[in-house]
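One structure below.
Here is the naming used below: chain letters follow the sequence lines, and residue numbers restart at 1 for every chain.
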Protein chains: 2
Amino acid sequence: MSQSNFIPTLADVAKKAGVSTATVSRCLNSPDQLSQATRKKVMSAVAELGYAPNFNAQSLAARRTNTVGAIIPTMDNAIFARGLQAFQEELGNLGKTLIVASSSYRPDLELEHIKTLTARGADGLLLIGYDRNPEIYNFLKQRDVPSLVAWAYQTDTDQTSVGFNNEKAIRPLIEEVIALGHRNIAFISAPKKNNDRARDRVTGVRMAMQRAGLDPRSLKLIETPYSIENGQAAFQKLVALDCPPTVAMCGNDVLAAGAIKQAKEMALSVPDYISITGFDDIELASLAEPQLTTVHVPHKAMGKIAAQMLGKMIDQQIVESQELSTELRLRGTLTTPRACKLK
Amino acid sequence: MSQSNFIPTLADVAKKAGVSTATVSRCLNSPDQLSQATRKKVMSAVAELGYAPNFNAQSLAARRTNTVGAIIPTMDNAIFARGLQAFQEELGNLGKTLIVASSSYRPDLELEHIKTLTARGADGLLLIGYDRNPEIYNFLKQRDVPSLVAWAYQTDTDQTSVGFNNEKAIRPLIEEVIALGHRNIAFISAPKKNNDRARDRVTGVRMAMQRAGLDPRSLKLIETPYSIENGQAAFQKLVALDCPPTVAMCGNDVLAAGAIKQAKEMALSVPDYISITGFDDIELASLAEPQLTTVHVPHKAMGKIAAQMLGKMIDQQIVESQELSTELRLRGTLTTPRACKLK
DNA sequence: TCAAAAAATGTAAGCGCTTACATTGACTTT
DNA sequence: AAAGTCAATGTAAGCGCTTACATTTTTTGA
């Protein structure tokens with residue numbers, strides 16, 4: 001307790017202010033219960049000592065942490081980084097702190113993080129997508145921790161969510177592709193396993209093909225984790241095919257960026273030789289050359305709304321799932337297929 | 001305590017295993033102190049009850065949190081997102097959790113977050129850059145919280161850091177610019193106030209000009225926060241000048257991307273009419289058209305090393321600041337100035 | 001003016017852990 | 001066989017807060 005790094009406690013403040021610890025606690029948590037005079041006394045003691053409450057003690061005693069956890073696949077993807085940034089800002093407004101963990105798209109890691117965050121007493125959890133072991137949902141229910149699913153929206157579940165329906169979101173895009181005359185379609189997707197968003201996008205494409213009288217099984221599908229390099233590799237595989245597709249639709253913009261890059265390296269004209277589309281509309285999309293045709297997703301808004309919803313859920317309020325709308329962004333990488341121009 | 005959402009405590013485990021709470025605690029924290037038999041008993045009780053320690057109680061009692069805090073300007077910038085992702089992964093390996101806060105480049109917010117994170121008992125703090133009120137450093141010292149500065153490296157301070165010297169990092173780039181014959185140079189920087197990294201880059205440029213016999217005051221400097229739009233606006237201002245520069249050097253790649261975009265919109269050829277350079281070498285850089293000449297920074301490695309260093313600092317080990325090296329990436333956006341080709 | 005109600009404050013029992021210290025046996029030594 | 005070691009475990013005192021309940025003070029109303 002040398003004067004140099006002495007950390008004051010509630011009791012120190014109480015002594016200095018000449019009141020009980022309960023009063024100090026009240027002064028900090030519900031000031032209106034105190035008389036003006038006492039409040040002033042306490043406040044100046046707080047200021048003088050530079051007191052800051054010990055968070056752990058606070059949480060332990062009050063049984064709430066004012067902390068929410070978010071488990072995202074990776075921060076190293078603009079869409080999550082951006083959404084999380086907004087999420088965190090709004091959380092700050094609500095007086096809550098964020099703890100982030102990333103699962104690297106691995107269910108086992110996700111489970112582990114969920115347990116850790118729960119042990120830390122997270123008041124609520126933000127999860128990405130629906131797909132996970134029911135065991136996890138049971139655990140959450142058992143622990144009574146509210147959780148919000150983001151980046152996805154489904155109606156056939158009681159899990160609250162904020163996001164969009166991926167199947168529906170990709171629909172205008174695939175319909176445009178088909179309308180332009182494409183019949184030889186490829187899709188570069190993230191691995192569909194454990195990833196409902198990726199899966200729903202593919203399903204959306206297949207359904208539209210069916211509706212248009214095309215054989216959904218004719219879709220050339222490649223699954224590969226999101227990254228520029230993987231996008232390049234997948235694209236290369238596609239154009240090496242006997243009968244290369246006239247359009248390479250991509251599960252997200254990062255993959256699409258890889259495809260564009262590879263096309264350039266191979267001196268294949270986009271979109272004249274082959275069209276390319278993305279999903280997400282990150283900055284990259286409008287910076288690419290030509291600009292990427294993609295589906296715009298309101299990541300920032302989603303993060304903000306997620307924070308508000310989770311805040312309410314933590315306060316035991318009933319919250320309805322919220323569907324956000326996405327928007328087709330037609331830009332330069334999509335045109336009619338090479339074989340049937342002017343068809 | 002209904003069977004449904006009953007959360008077991010240490011005491012419950014102890015009772016079930018027929019031992020004292022101390023034994024259970026030891027079993028979890030230093031198992032080798034126990035006899036094989038007891039350990040087994042305890043472990044199975046733990047498993048049976050699905051026990052997980054309450055983090056807050058743990059921290060309160062043990063006076064350490066196994067948590068580190070990071071305060072970054074924004075997650076919404078690939079460099080920090082990437083660095084942080086690596087930081088967090090490595091932290092996970094060390095059994096520590098990360099709490100992130102973002103300051104939005106505002107010193108007041110940074111201070112506030114530092115206080116919050118300290119109150120939460122963060123065992124250590126990751127900070128970006130050196131520039132901050134001495135009051136903050138005093139606070140940290142007083143509270144005895146180890147802190148590591150990243151994304152910068154300076155020798156004339158006792159604050160431990162991991163990063164690179166921004167002045168030095170930009171040197172090969174500006175020297176190349178000058179060597180190519182550019183004499184009318186512009187620099188689009190982030191606001192230099194409270195941002196040593198931005199400032200050092202400008203200083204580096206000025207110093208090189210001086211060394212080359214150019215007047216450093218002739219540097220056309222624009223300060224604007226990092227964003228594509230701001231890059232565009234700044235670039236527009238530059239080319240509207242009576243005597244537009246032959247090269248627009250940018251404080252980072254995001255600004256540079258904006259500049260390239262604007263150049264395209266104005267149909268000004270890059271690099272023939274005007275050269276553009278960036279800093280950071282984010283994915284964008286090699287995706288742009290033409291590819292951006294920039295300075296490569298090892299963000300991922302920095303994040304990882306930062307975690308290791310901070311881990312050691314928390315364990316009271318002495319740690320030396322570490323300098324990382326950057327590398328010039330000459331690509332397509334830089335060439336000789338229009339006025340003096342073949343000079 | 002005085003009892004009753006309301007407001008302000010104090011008392012003290014935890015919250016779920018860790019850990020210094022005490023205790024208990026089982027083994028060594030001599 | 002007594003004394004000393006040492007490993008394994010138990011006891012219990014906190015860690016710094018919150019909050020139910022008790023107590024005191026002030027306000028109110030008739």
Side-chain angles (χ1 to χ4, degrees), chain A residues 1 5-43 45-46 49-67 116 118-123 143-144, chain B residues 1 5-43 45-46 49-67 116 118-123 143-144:
Chain A
M1 221 197 235
N5 62 310
F6 154 72
I7 298 177
T9 70
L10 234 214
D12 296 315
V13 176
K15 199 190 303 171
K16 173 148 233 154
V19 299
S20 73
T21 60
T23 300
V24 177
S25 174
R26 284 188 197 104
C27 181
L28 266 26
N29 299 309
S30 38
D32 27 285
Q33 280 183 38
L34 300 200
S35 75
Q36 177 96 7
T38 333
R39 209 180 316 155
K40 203 169 279 175
K41 263 194 305 187
V42 174
M43 282 319 203
V46 164
L49 291 171
Y51 170 76
N54 175 307
F55 172 82
N56 292 112
Q58 211 167 254
S59 306
L60 181 57
R63 287 91 162 270
R64 51 153 185 61
T65 58
N66 277 337
T67 294
T116 308
T118 310
R120 297 178 74 99
D123 293 333
R143 291 297 249 239
D144 208 23
Chain B
M1 227 195 236
N5 61 310
F6 154 72
I7 298 176
T9 70
L10 234 215
D12 296 315
V13 176
K15 199 189 302 169
K16 173 149 235 155
V19 299
S20 74
T21 60
T23 301
V24 178
S25 175
R26 283 187 198 106
C27 182
L28 267 24
N29 298 310
S30 37
D32 27 285
Q33 280 184 37
L34 300 199
S35 75
Q36 177 97 5
T38 333
R39 210 182 314 156
K40 204 170 276 173
K41 264 194 305 189
V42 174
M43 282 319 203
V46 164
L49 292 170
Y51 169 77
N54 176 308
F55 172 83
N56 293 113
Q58 211 167 255
S59 307
L60 182 57
R63 288 88 164 279
R64 51 151 185 61
T65 58
N66 276 339
T67 294
T116 308
T118 310
R120 297 179 76 99
D123 293 333
R143 291 298 248 240
D144 208 21

message = Among A:Val46, A:Leu28, A:Thr21, which residue satisfies the side-chain contact (heavy atoms from CB on, under 4.5 Å) criterion with A:Val13?
response = A:Val46
Show the distances under 3.5 angstrom between N or O atoms of the protein and N or O atoms of nucleotides 20-27 of chain D.
unit_1	atom_1	unit_2	atom_2	d
D:dA20	N6	A:Arg26	NH2	3.4

query = Between residues 30-41 of chain B and DNA chain C, which residues have a heavy-atom gap below 4.0 Å?
reply = none
Anything under 3.5 Å between a protein N or O and an N or O of nucleotides 15-17 of chain C, put it in a table, one pair a line.
unit_1	atom_1	unit_2	atom_2	d
C:dC15	O2	A:Ala61	N	3.4
C:dG16	N2	B:Ala57	O	3.4
C:dC17	OP1	B:Tyr51	OH	2.6
C:dC17	OP1	B:Asn54	N	3.3
C:dC17	OP2	B:Leu10	N	2.6
C:dC17	O5'	B:Tyr51	OH	3.4

inquiry  = Going by the rule salt bridge (charged side-chain N to carboxylate O under 4.0 Å, His left out), which residues pair with B:Lys41 if we only count those two or more places apart in sequence or in a different chain?
reply    = none
With a cut-off of 3.5 Å and sequence neighbours excluded, list every side-chain donor-acceptor pair involving residues 50-60 of chain A.
unit_1	atom_1	unit_2	atom_2	d
A:Asn54	OD1	A:Asn56	N	2.8
A:Asn54	OD1	A:Ala57	N	2.9
A:Ser59	OG	A:Phe55	O	2.9

ask   = Which residue pairs pass the side chain to side chain donor-acceptor pair (under 3.5 Å) test with at least one member in residues 25-37 of chain A, sequence neighbours excluded?
value = A:Ser25-A:Asn29, A:Ser30-A:Gln33, A:Ser35-A:Thr38
query = Among B:Val24, B:Val42, B:Leu49, which residue meets the side-chain contact (heavy atoms from CB on, under 4.5 Å) test with B:Lys16?
reply = B:Leu49
ask   = Which heavy atom in A:Arg39 sits nearest to a heavy atom in A:Pro31, and how many Å separate them?
value = NE-O, 3.3 Å
task = State the CG-OG1 distance between B:Asp144 and B:Thr118, to the nearest 0.5 angstrom.
result = 11.5 Å
message = On a heavy-atom basis, which atom in B:Ile7 and which in B:Asp12 lie closest, and how many Å separate them?
response = O-OD2, 4.2 Å
key: Side-chain N or O of A:Ser20 closer than 4.0 Å to phosphate OP1/OP2 of C:dT9   = no
query = What closest approach, in Å, do A:Ala45 and A:Ala17 show between heavy atoms, and which atom pair accounts for it?
reply = CB-CB, 3.9 Å
ask   = Any side-chain heavy atom of A:Thr67 sitting closer than 4.5 Å to one from A:Arg120?
value = no
